[in-house]
Amino acid sequence: MKLGTVLPDQTRKDVERRLQRGGIDFGGFVFRLALVSCLVFALLVLLVLVADVFDRGFGVLTDRGLDFLSAPLRTRADEAGIFQSLRGTFWIGVFVVALAFPFGIGAAIYLEEYAPDNRLTRLIDVNIRNLAGVPSVVYGILGFSIFVKAADGFFPGSVGDHAGKTTAAAGVTLAVLVLPIVIITSAEAIRAVPREIREASYGVGATQWDTIRTNVLPYAAPGILTGTLLSLARALGEAAPLILVGAVQGRLGSRTGFFEPEQLSEQFTAMPITITDWATKPANSGFVENTAAAIIVLLVVVLLANAVAILLRNRFENKRAGR
Amino acid sequence: MQITKEQRVDETSAMIDDIEVREDPRASEIVLETRDLDVYYGAFRAVRDVGLRIRANEITAMIGPSGCGKSTVLRCFNRMNDLIESARVEGEVRYHDVDLYGDKIDAVEVRRRIGMVFQKPNPFPKSIFDNVAYGPRVAGQRRGLDDLVERSLQRAALWDEVKDRLKDSALGLSGGQQQRLCIARALAVDPDVLLMDEPCSALDPIATGRIEELMQEIKHDYTIVIVTHNMQQAARVSDRTAFFTAEVNEESDRRTGLLVEYDRTQNIFSNPSDGRTEAYVTGRFG
């Protein structure tokens, strides 16, 4: 039979019948159903939690509005606010950004670009990964035994039992806590820079520094940003290390401003601490609603950090893709 | 009788000298020369005993089957192998009779004089202008970049196509345009030698033709070494051709490349003196 001639009718029908699917793929259907239910279950748990929190706490936010954010900690639920807690969390964030980001990104650049590939480097690499998995309480002990003592010596004004248990010590502790995560995610982003780009840069006579500054870092920026901002979100949500570093609830210093750097040498609280404390108060004291409201605020802060991460990442990615 | 390596090299270079004296008494100046070149990746010897002389304003092609080490040799000419931590070079690579692997030689300076175009077009994710201006900028040039970019793009036969969109991303160009942009970027630092590592293997025949034309146009100002899988391309564009092959090692199944024959392109393709070359260029292996 020559090519291009029409198949006889009988053959065509035969082929058509064979090509049409025979029956339903039952196994595939069940598998797909199982996967969808995994997703639904995971989302449902989250949704119930968030809905419950909003149900209890949203009233506080709508009734009291800014007053809830600007009022200090008080013993009466309808007067108590989260001003000092927000302030503590803000300054902890400042420490993470100022310490963990530059040191973490710097260490990642060194490990990926400069460090020789030998046993020592690999050992360090493995141990940074292990550090990222160390429970945060352990970092709290580190913060208590090192940073609190250091802060005690650093700020001469603080005396007594609370000496050294300052915002600064807490900030440094949480910066160190997320440092391994910043290093790992940054190193992975740097490793993902295509070899072709490095070669192109070296090929026209760029130095290693030129190549890192003008090609590697811009290319890795989206990945680095995502990792670092997610680690910031993690730091803002940590409570356990802060308890060990000496976060208090009440009896806070006299500073009233939000941005006054002097408070770094004073006692502190933070959002997760306040939430933990309020959550343990009696059920009918009104603090249950306050707890929920504080959780909403913390969620918003963390989601904002993530939103910024996503926006910046998209911007850098678009730039990288030439759009 | 035991033949030492030195003796063998002497004989090889004597042979090359003979050919040149006999056939081309007015051969141009030697720009790049390898003597007894071995390249190792860790303990594995990837290429052995390469002796080559690259002459000014000629196009020298390096051909051979996969794994014969032609790209590895090319990457010794501008010390691109430095980027691979396990790579090690023995023997000499001389540029205008200066040992490129000498103690005080700065690989960055080497690459400013010996530029490279890669297999896959690899423009930076930056604007067309910034791509071409990149080399001069990292060399410290701040003024006259507009002119330099225009001249470089004109040399690379790309100016007319991109002059109205210099600020656009280079990633929006077609593959062939991207490769010409990479050539413009390499030419912008005004190198002496242009190394091309299979520059057309990712391009269609029309784009390939343009690159080949371009090579002919610029060879009067540059010395070009091109690695190619495409024998017709070597035959079309090059003045001299080096044929490499790979031999299986006794101790492992990895292959070590070696230079089989190096001669005028015409001789390599029509009258090769080595049976392996003949088998390769006539399509009987590889």
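Here is how names work: the chains are called A, B, and so on, in the same order as the sequence lines, proteins then strands, and each is numbered from 1.
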| request: Answer with side chain, backbone, both or neither: which region of A:P194 has an atom nearer than 4.5 Å to a non-hydrogen atom of chain B? | output: neither

| field | Heavy atoms from other residues, nucleotides or ligands near CZ of A:F31 exceed 12 (cutoff 6.0 Å) | value | no

| message | Looking at A:Y114, I want to see if its OH is surrounded by more than 12 non-hydrogen atoms of other residues, nucleotides or ligands under 6.0 Å. | response | yes

| request: Provide the closest heavy-atom pair for B:R75 versus A:E199 in the form atom of the first, atom of the second, distance. | output: NH1-OE2, 2.9 Å

| message | Strictly distance-based, threshold 3.5 Å: is any side-chain N or O of B:N122 a donor or acceptor partner for the main-chain N or O of A:I197? | response | no

| message | Show the nearest heavy-atom pair for residues A:V204 and B:V189, with the distance to one decimal. | response | O-CG1, 3.8 Å

| request: Only pairs at least two apart or in different chains count here, so list each ring-ring contact (aromatic ring centres under 6.0 Å, His included) that has a residue in residues 98-130 of chain B. | output: B:F124-B:Y134

| request: Answer yes or no: does atom CZ of B:R165 have more than 12 heavy-atom neighbours from other residues, nucleotides or ligands under 6.0 Å? | output: yes

| Distance-minimising heavy-atom pair for B:R185 and A:A200 | NH2-CB, 3.3 Å

| field | Separation between OH of A:Y202 and CG of B:D82, rounded to the nearest 0.5 Å | value | 10.5 Å

| Are the side chain of B:K126 and the backbone of A:N215 linked by a donor-acceptor contact shorter than 3.5 Å? | no

| request: Taking atom CZ of A:F103 as the centre, report whether more than 12 heavy atoms of other residues, nucleotides or ligands fall under 6.0 Å from it. | output: no

| More than 12 heavy atoms from other groups under 6.0 Å of CZ on A:R129 | yes

| task | For the pair B:E85 (side chain) and A:D117 (backbone), establish whether a donor and an acceptor sit closer than 3.5 Å, ignoring hydrogens and angles. | result | yes

